[in-house]
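So the structure is just underneath, and the comments pick up after that.
First the proteins, then the strands, lettered A, B, ... as listed; each starts at 1.
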Amino acid sequence: MPLLDVENLTVSLFQDGTETPLVRNISYRAEPGEILALVGESGSGKSVSSLAVMGLLAKSLRVTSGAIRFDGQDLLTLKDEEMRTLRGRDISMVFQEPMTSLNPVRSIGSQIMESIEENLGLSRAQARLRAIDLLKEVGVADAERRLKQYPHHFSGGMRQRVMIAIALAADPKLIIADEPTTALDVTIQAQILDLMARICRDHGTTMILITHNLSIVARYARRVNVMYGGRIVESGDARTLYTTPRHPYTEGLLQSVPRLDQDRNVPLKPIQGSPADPFAPIEGCRFHPRCPYATDLCRSDVPEFGDGLACHAPLSIETREAV
Amino acid sequence: MSAFLHIEDLSVHFPVRKGLLQRQVAEVRAVEQVTLSLNRGEAFGLVGESGCGKTTLARTVLKLVDPTSGTIWFDGQNVSALKGTSLAPYRKKVAAIFQDPFSSLNPRMTSGQILSEVLHVHRYEGNIMDRVTELLSLCGLAPRFADLYPHEMSGGQRQRVGIARALALEPELIVCDEAVSALDVSIQAQIINLLEELRAKFGLTYLFIGHDLSVVRHLCDRLAVMYLGRIMETGTSEEIFSNPRHPYTKALIDAVPAPDPVGEDFKEHVSLAGEIPSPLDPPPGCVFHTRCPLAMEQCRSAVPPLERLGCAHTAACFALKQTANTTRTGAQSQTSTNI
C-alpha cells in the first residue's frame, strides 16, 4: 500500500467572488521509504498541492475535489484537532527559508524540544536529551552548547539543519521538503541534501522533494512528477524521464539548463514564452501556447493523464527527428 | 596597459563601528588583494559562494564602492581616482544588470519612462522615443511594452527591460550581477541566449557574477573562482572545468549535480565539510585551509600566491605541487566524506 495516495486533487483560490484552480486534478502515490520529486516552475502548483497534504492551506485556498490518503486514512475527512496530531508526528515539513521559519526570539533548544514534547509526550529532561541526539544526527557540532543559542547565531546551512532536526523530532513517516536548499550555497546545498537522503535511508522515511532544480532531482530522487500549470504532465522513474522525455515540456526543461557535461558552445534551447498564468484562461492543454508540437486537438481539449503522461502529441523517436 | 579592464591589487575593507563614538571595532575584508584582467569583447565570470566578495568587487568596478587600496584601469585610464562629474564618461561606458528584476525597476514608472530617463540624464541627442522602441526590440519586446509598468510584466520581461536599460547608452562593459539567478528555468535560458546575442552583436565585454557554475561556464570564456575575498583560481572555462587544480574549485564543481541520473549513479560525490568562515575574522594563511582536505602546516601560516600553471591558468595553492601528479579521483579519496 502506498504511504501517500493523492487522487484527483483540485485546489482552488477563492478571491473576489471568483474561483481559480491552482492545482488541477492531480494524482500521485508515494511508496514507503522512497524519495519522490515534484518538479516545476513558479505557478506550477507544486507547493500548493503539498500544503494541501499538510492541511496548511491559507484561508482563501480550498480543496474542491479529490482525496488525500495517508497510511490508508483520508486526510480531508479529519477534524482540525486530528490533523494537528498527525502533523509533526507522522508528517512533517522542511521549508525553503531557514531564516524566516524559525522563531527569532526563542532558543534553538526550546524550538526543537517543543516539537518533541508535543508529539512524543516526553518530559523536559528526556526531550533535552533527544534534542541533543537530533542535533548530532543532523551534523551540528557542540550540540549541548548550541541548544541554548538563538537562530541568529546560526548560519543559513546550520539553520536548515535545525529545521531538519525539528522535522525529524517525532520520527515521522513522511517529510515534505519544499525547496529545502534553494536559499543555500552550492557546497552547503550538497551537504544538506546528502544529509536528508541519508536520513531517509536510515529511518525508512518517505520524502517528497519539491524543487525547480532538475539536477538536484537527478541526484537524489528515484521517481519524478513534472508539474506545469497546476497539472502533472509527466511522471516516471528519473532515469527514463531524463533520457527519453515524452512530454514536450519535460524535454524543454532539460534543454534549457546549461550542463557541465556538455559542450559550452552549443546554444541553449529555451522554451518560448512565460510559464502559464493561473488566472489566464487557456483552452485545452495549458502548455500549448509554448509547445512547438501543438496540434489543433491540443488547443481545444485538455489531455487526460494516463500511463505517466498527459499529452496529445507525445514525443517519440519520429517526432524528435522531424523537428 | 593592454587589458581592457585591469584590476590591480584591489582590496575593499568595510569598517564595523560600534558604540556612542562609533569607534571602529573591526573590519570586514570583503575583497583582498585581487588582480584581474579582462580583454575587450570577452565574457569573464566571477564565481564563488555568498560572502566571497564577488558582488563587492563588481560594485567597486561600477564605482559604487570605493576601494581601500588598489587601482582599476579601464581602457588605459586609471578610473579609481575619478570623482563627481569626471566620472560621467566612465558611467556611460560601463553599465549594470542586477539580479532582481522586481526591485531594480521603479514600480511607478513605465518601462518607456525607465528607459528614456537614462537617455535624458546623459543628454541623448537623437529621438528618445525611437531609441526606446529600438532598445525594447533589441531585447525581444514589442513597442507596446513601453507603456507597461513593471507589475504588468513577467519576471523574464522585466529582466529584458533591465537589459535594455543597460544597453541604452551603448556601453562597452556590462557588469551582470547574478543577472539570471532569480528567473524560472525556462526563462533563464531565454535570457542567457539574449545576453550571448547582444555580446556578439555589439562586441560587448561582460563581467558576469554568478553562483551557478553551469551558467557561468556556458556564458563565460574565462573565469575566476573567489573564496573569502581572495582569488583561488583563474583560467579559461574549458581549462577550469576539465582540469580544476585548486581543491576549492574541485569541491565547487563536484557539488553541482548534473541533470542526468545515469551519470550521477556512477559519480562519486564528495561534500565539502564545514562552513565558510566569517569575513570579519578570516583564517590566517590560506583562507580555505579550514575546509581543505589537502591542508598542510604551511597553509595555516602563509598566504599562497597565485601561480601560473599554463598560458591562461593560475591557482593559489601550496598543495599544487603535490597534487600535480595525482589524478582527480586520487585527490578525492583523501577528501572527508563526513557531513
Chain A contact via Asn193(B) - which portion, at a heavy-atom distance below 4.5 Å: side chain

Using every non-hydrogen atom in the two residues, find where Ile188(A) and Arg291(B) come nearest and quote the distance to one decimal. CD1-NH2, 4.2 Å

To the nearest 0.5 Å, how far apart are CG in Leu268(A) and NE2 in His218(B)? 3.5 Å

Given that the side chain runs from C-beta out, which part of Val217(A) has a heavy atom under 4.5 Å from chain B: side chain, backbone, both or neither? neither

At a heavy-atom distance under 4.5 Å, which candidate from Pro267(A), Gly273(A), Ala141(A) has the highest pair count against chain B? Gly273(A)

How many angstroms lie between OG1 in Thr187(A) and OH in Tyr227(B), if you round to the nearest 0.5 Å? 7.5 Å

At a 4.5 Å cut-off on heavy atoms, which part of Ser50(B) comes close to chain A: side chain, backbone, both, or neither? both

I'd like to know if the side chain of Gln272(A) reaches the main chain of Gln190(B), judged simply by a donor and an acceptor atom lying under 3.5 Å from each other, with no hydrogens or angles considered. no

Closest non-hydrogen atoms of Ser256(A) and Val185(B), given as atom of the first, atom of the second and distance, are CB-O, 3.9 Å

Compare all side-chain heavy atoms of Ile187(B) with those of Pro275(A) and state whether any distance is below 4.5 angstrom. yes

Hey, are the side chains of Asp263(A) and Glu238(B) touching, using non-hydrogen atoms and a 4.5 Å cut-off? no

I want to check something: taking the side chain as every heavy atom from C-beta on, are Val186(A) and Val256(B) in contact at a cut-off of under 4.5 Å? yes

Can you tell which of Met158(A), Arg259(A), Lys269(A), Gln189(A) has the highest number of heavy-atom pairs within less than 4.5 Å of chain B? Arg259(A)

With a 3.5 Å cut-off and no angle check, do the side chains of Glu41(A) and Ser186(B) form a donor-acceptor pair? yes

Quick one: which of Asp221(B), Leu219(B), Val216(B) gives a side chain to side chain contact (heavy atoms under 4.5 Å, CB included) with Arg264(A)? Asp221(B)

If one checks every heavy atom of Cys52(B) against chain A at 4.5 Å, the contacting part turns out to be neither

Measuring heavy-atom distances to chain B, does Gln262(A) have an atom under 4.5 Å in its side chain, in its backbone, in both, or in neither? backbone

CD on Gln157(B) to OG on Ser274(A), rounded to 0.5 Å: 5.0 Å

Spatial distance of atom CG (Asp185(A)) from atom NE2 (His211(B)) [nearest 0.5 Å]: 7.5 Å

So which part of Asn213(A) gets closer than 4.5 Å to some heavy atom of chain B, the side chain, the backbone, both or neither? neither

For the CD atom of Glu275(B) and the CD atom of Gln191(A), what is their distance to the nearest 0.5 Å? 6.5 Å

